[in-house]
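Proteins come first, then strands; the chains are lettered A, B, ... in the order of their sequence lines, and each starts at number 1. The shown structure was predicted, so the numbers you read here are calculated from the model rather than taken from an experiment. Below, each value reflects all heavy atoms present in this structure, side chains not excepted, and no hydrogens, waters or symmetry copies.
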Amino acid sequence: MAVRLCDVASLLRSGSWAAEPWTGVIAAMETQLSNGPTCNNTSNGPSTISNNCSSPVESGSIEDSKTNLIVNYLPQNMTQEELKSLFGSIGEIESCKLVRDKITGNVKTWIRQSLGYGFVNYVDPKDAEKAINTLNGLRLQTKTIKVSYARPSSASIRDANLYVSGLPKTMTQKELEQLFSQYGRIITSRILVDQVTGVSRGVGFIRFDRRIEAEEAIKGLNCQKPPGATEPITVKFANNPSQKTSQALLSQLYQSPNRRYPGPLAQQAQRFRLDNLLNMAYGVKSRFSPMAIDGVTSLAGINIPGHAGTGWCIFVYNLAPDADESILWQMFGPFGAVTNVKVIRDFNTSKCKGFGFVTMTNYDEAAVAIASLNGYRLGDRVLQVSFKTNKTHKA
DNA sequence: TCCCATT
């Protein structure tokens, strides 16, 4: 008997997953958490921050410290509306802002490129905590987002990012942090690696909590040899991406392919995601079975409704009469490549007839979207989301 | 040799 993947969606529809729309994604994330970008500082709550300069000006007040979150490593094409949609699934949002490139100059002003991070301020501190617990580490397209409390905004924490080069190729991220931690509190660290071989490129970043800490680190470590190293390292302030022009960002975008060649870890993560879906649905470990060797393509021969040749067609039911295409983009876009959305409307009234379709390019992204969005509460309606079936009978 | 963490 052939495994019918369309049944995954209906199986996932029942049970506890439906009650918590996003837990599907989280469950799929479990094995990925250690693979993402530097997420070892996700517990940087306000309690560890010295709040000496008591100036709750700008946009951050003391009360905000338990409701205001910073979200890092967002996909480049994610909009503020999508950010709000995703985090709004946790609880009521007081404000939400995607930080964008503000440089305009000669270039077209309508291009305001996302800088890949944003802020979400909840009404209820409990929702902020819940968002950290459930959305931190969520994989969106090629990114693994980081969700943590925002530090109170202040000039002293800006421009605290260092660029370090000449590192021994054998130096680990942990060793890098150990070297710099004597100068202050490290917010993030990263060593760049060759995309193909995974070998260190000998360059990295250290972001301190405060700029003065970064300045001290430059004084103490620039042109110095780390313990055991034969060559001195260079430590300087990193280029500030917000000062890059839109033009530069554009050319950078143009040069880097939209979908990077997945390294071993990414491939493994993808396999785990597929594995989790199959495991939850059937209690099988697909990665130990031949059909999971390369995920989707090795599933050939299995009857998979929803596959439309150009992508995977998803059926979305229980949309409101005034629903439009944009809501479908907003809901499904964060999960991966969406090539088409359509709201089915009444010919005479132009009102939505209660359902629509979404086409996604990649199977596993579609599967995670379905597992996550099925049962999603949109307004006063609970959506039903599944792969489109070939059946034509009326519901 | 430059990663996208402060509105």
How long is the line joining NZ of A/K236 and P of B/dT1, in whole Å?
-> 6 Å
Could you state the CZ-C1' distance from A/R185 to B/dT6, rounded to the nearest angstrom?
-> 13 Å
Do the side-chain N and O atoms of A/N318 and A/Q384 include a donor-acceptor pair separated by under 3.5 angstrom?
-> no
From B/dT7, B/dA5, B/dC3, pick the nucleotide closest to the side chain of A/L192?
-> B/dC3
NA contact type, A/G204, heavy-atom cut-off 4.0 Å: base, sugar-phosphate, or nothing?
-> nothing
Protein-nucleotide distance (A/N68, atom CG; B/dT6, atom P), rounded to Å | 14 Å
Atom CZ of A/F119 and atom P of B/dA5: how far apart are they, to the nearest Å?
-> 10 Å
Measure the distance from OH on A/Y163 to P on B/dC2 and round it to the nearest whole Å.
-> 5 Å
OG of A/S85 to CE of A/M78, rounded to nearest 0.5 Å, is 7.5 Å
Has A/R207 got a side-chain N or O lying under 4.0 Å from the OP1 or OP2 atom of B/dT6?
-> yes
Residue A/N72, side-chain atoms from C-beta onward, closest of B/dT7, B/dT1, B/dA5 | B/dA5
Could you give me the CA-CA distance, side-chain angles and deciding distance for A/F205 and A/Y163, then say whether ring pair (Phe, Tyr, Trp, His ring centres under 6.0 Å) is met?
-> CA-CA 5 Å; A/F205 294 89; A/Y163 175 73; 5.5 Å; yes
Closest to side chain of A/R151, choosing from B/dT7, B/dC3, B/dA5 | B/dA5
Rounded distance in Å - CZ (A/R201) to P (B/dT1) | 11 Å
Examine B/dT1: is either OP1 or OP2 under 4.0 Å from a nitrogen or oxygen in the side chain of A/S165? Give yes or no.
-> no
Of A/V120 and A/L167, whose nearest nucleotide on DNA chain B comes first from the 5' end?
-> A/L167
In whole angstrom, give the distance that lies between atom CG of A/L74 and atom C1' of B/dT7.
-> 14 Å
Salt bridge (charged side-chain N to carboxylate O under 4.0 Å, His left out) involving A/K97 - partner list, sequence neighbours excluded = none
To the side chain of A/F205, which of B/dA5, B/dT7, B/dC3 is closest?
-> B/dC3
Is the closest basic N to carboxylate O distance between A/K84 and A/E81 below 4.0 Å?
-> no
What's the CD1-P distance between A/I206 and B/dA5, to the nearest Å?
-> 13 Å
Classify the nucleic acid contact of A/I70 as base, sugar-phosphate or nothing, counting any heavy atom under 4.0 Å across all strands shown.
-> base
